[in-house]
2 protein chains.
Amino acid sequence: MQESPNPQRRSERSHRATLKAALDLCAEQGYAQVTVEGIAARAGVSKKTIYRWWPSKGAVMLEAIDEAALQPTGFSDTGDLAADLHQQMSGTLSLLTDAGIRSAILGVLAEGLQDSQLAGQVHGSLFKPRIDSFKERMRKAQQQGELAAEADVDVALDLLYGPIWHRLVAHLPLPDGPYLSKIIDAALAAVNRRA
Amino acid sequence: MQESPNPQRRSERSHRATLKAALDLCAEQGYAQVTVEGIAARAGVSKKTIYRWWPSKGAVMLEAIDEAALQPTGFSDTGDLAADLHQQMSGTLSLLTDAGIRSAILGVLAEGLQDSQLAGQVHGSLFKPRIDSFKERMRKAQQQGELAAEADVDVALDLLYGPIWHRLVAHLPLPDGPYLSKIIDAALAAVNRRA
């Protein structure tokens with residue numbers, strides 16, 4: 001490809017290089033060891049450029065995770081709610097098997113537990129958009145009659161996704177495919193009960 | 001009380017003073033700021049004494065949390081499984097409302113996500129003994145016919161406790177009493193379903 005003198009294109013390239021450098025360094029060194037200086041050096045951009053776009057290392061990592069997670073954690077609507085949930089939850093878990101993304105996710109979750117400013121960003125960038133998509137998918141299922149109209153979507157969220165995060169903080173093995181199916185079956189049966 | 005020259009009693013006093021100092025400093029400074037030096041100074045013991053008993057700050061904190069959690073996270077057996085679970089889960093949540101214990105718990109969970117040695121201790125000291133007690137309580141409920149013999153106790157653990165840890169890492173409000181009842185109802189209904 002020919003070098004582009006277009007400043008916007010150059011800026012996009014630096015942006016992408018920064019996010020890639022952040023995850024590559026997480027894979028090589030582990031989140032705690034990575035610095036903004038190191039990311040800048042690896043990406044071939046200045047530290048000033050990074051701080052123009054992001055307030056902190058955690059914020060760079062959050063965007064890198066968000067971008068990597070975009071496709072695997074999207075919700076399909078095939079008309080089969082359990083299958084769509086299984087696909088999305090498997091996608092979420094697959095992020096935790098890639099060394100760089102796993103280290104970045106554990107790092108920002110850990111930092112979020114200790115730092116109230118990053119906590120807000122973890123909630124706002126990582127969890128909230130996915131919770132919104134989840135609720136939208138559940139409402140569609142209610143409209144399509146696949147899920148009871150009175151099903152409590154907040155309870156469903158907790159029952160479905162709780163196991164993943166519980167197992168992560170308690171250092172229990174993460175769910176495999178068949179176990180995910182059990183959790184999805186159980187959670188949907190529970191919220192579909194008639195009062 | 002009169003001063004005791006008994007070395008064992010003096011040692012127990014130092015041990016208790018160390019655990020109290022660890023939680024007091026967490027409340028005042030936050031886990032990340034607390035050092036073994038600071039704990040030693042506050043407890044009036046030497047750093048060497050602390051390292052004779054614990055390998056790290058995290059290990060001191062884990063024992064302090066475990067001791068504070070002993071009573072609130074114990075399981076009763078009143079013959080009413082849902083009520084006993086509600087009491088135990090409320091007790092677990094109450095630990096997260098005490099400034100010192102909350103900071104210590106968030107700190108060791110965060111450190112455990114980043115440090116594989118502390119991860120093993122977090123699992124072994126905080127989670128495993130409570131998971132074992134939970135499973136024992138569930139087996140009693142099965143023997144007493146309150147819970148289906150075929151109920152999957154691992155799924156029950158995930159559905160019941162997942163919501164607490166999910167909400168903690170995602171920075172969602174922690175469950176209140178009525179919401180805990182909904183989760184317990186839903187989880188028990190799900191694992192009690194006949195195949």
Side-chain angles (χ1 to χ4, degrees), chain A residues 30-33 102-103 105-116 118-124 126-128 130-131 151-152 154-173 175 179-195, chain B residues 30-33 102-103 105-116 118-124 126-128 130-131 151-152 154-173 175 179-195:
Chain A
Y31 180 93
Q33 264 59 54
R102 178 187 175 84
S103 171
I105 291 176
L106 297 185
V108 295
L109 292 181
E111 231 174 84
L113 289 173
Q114 297 273 65
D115 168 343
S116 60
L118 195 66
Q121 294 172 35
V122 166
H123 175 76
L126 278 196
F127 287 96
K128 174 122 190 357
R130 291 173 178 90
I131 292 173
D152 188 322
D154 287 302
V155 170
L157 176 76
D158 272 327
L159 297 181
L160 287 163
Y161 291 88
I164 296 177
W165 305 112
H166 166 231
R167 285 169 168 266
L168 201 77
V169 298
H171 307 288
L172 291 162
Y179 191 77
L180 267 190
S181 298
K182 276 196 203 181
I183 293 288
I184 293 168
D185 260 21
L188 292 183
V191 296
N192 264 325
R193 286 170 306 151
R194 302 278 152 183
Chain B
Y31 180 92
Q33 264 59 55
R102 177 186 174 86
S103 173
I105 291 177
L106 297 184
V108 296
L109 292 181
E111 232 175 84
L113 289 173
Q114 298 272 67
D115 169 342
S116 59
L118 195 67
Q121 294 172 35
V122 166
H123 175 76
L126 277 197
F127 286 96
K128 175 125 190 353
R130 289 170 181 91
I131 292 173
D152 188 321
D154 287 303
V155 170
L157 175 76
D158 272 327
L159 297 181
L160 287 163
Y161 292 88
I164 296 177
W165 305 111
H166 166 231
R167 285 168 168 266
L168 200 78
V169 298
H171 308 286
L172 291 162
Y179 192 76
L180 266 191
S181 298
K182 276 196 202 180
I183 294 288
I184 293 168
D185 260 21
L188 292 183
V191 297
N192 264 326
R193 285 171 307 151
R194 302 278 152 182

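Every chain is numbered from 1 and lettered A, B, ... according to where its sequence line falls, protein lines coming before strand lines.
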Just how far is it from atom [atom1] of [X] to atom [atom2] of [Y], taken to the nearest 0.5 Å?
{"X": "B:Asp158", "Y": "A:Tyr161", "atom1": "CG", "atom2": "OH", "value": "14.5 Å"}
{"X": "A:Leu168", "Y": "B:Leu109", "atom1": "CG", "atom2": "CG", "value": "10.5 Å"}
{"X": "B:Asp185", "Y": "A:Asp152", "atom1": "CG", "atom2": "CG", "value": "11.5 Å"}

Please check: side-chain N/O of A:His123 versus main-chain N/O of B:Ala170, any donor-acceptor pairing under 3.5 Å?
yes
B:His171/A:Phe127 under side chain to side chain contact (heavy atoms under 4.5 Å, CB included): CA gap, chis, key distance, verdict
CA-CA 9 Å; B:His171 308 286; A:Phe127 287 96; 5.8 Å; no
Is any side-chain heavy atom of [X] closer than 4.5 Å to a side-chain heavy atom of [Y]?
{"X": "A:Ile183", "Y": "B:Val155", "answer": "yes"}
{"X": "A:His166", "Y": "B:Ile164", "answer": "no"}
{"X": "A:Ile131", "Y": "B:Leu172", "answer": "yes"}

Leading residue by heavy atom contact count with chain A [cutoff under 4.5 Å; candidates B:Val191, B:Leu157, B:Leu159]
B:Leu159
From the list B:Ala187, B:Gly124, B:Ala190, the residue making the most non-hydrogen contacts under 4.5 Å with chain A is B:Ala190
Which heavy-atom pair separates B:Ala186 from A:Arg193 by the least distance, and what is that distance?
CA-NH2, 3.6 Å
Identify the heavy atoms of A:Val122 and B:Val169 that sit nearest to each other, and give their distance.
CG1-O, 4.0 Å
Cut-off 4.5 Å, heavy atoms of chain B, and the answer for A:Leu126 is neither
Which atoms of B:Asp154 are under 4.5 Å from chain A, going by heavy atoms: the side chain, the backbone, both sets, or neither?
both
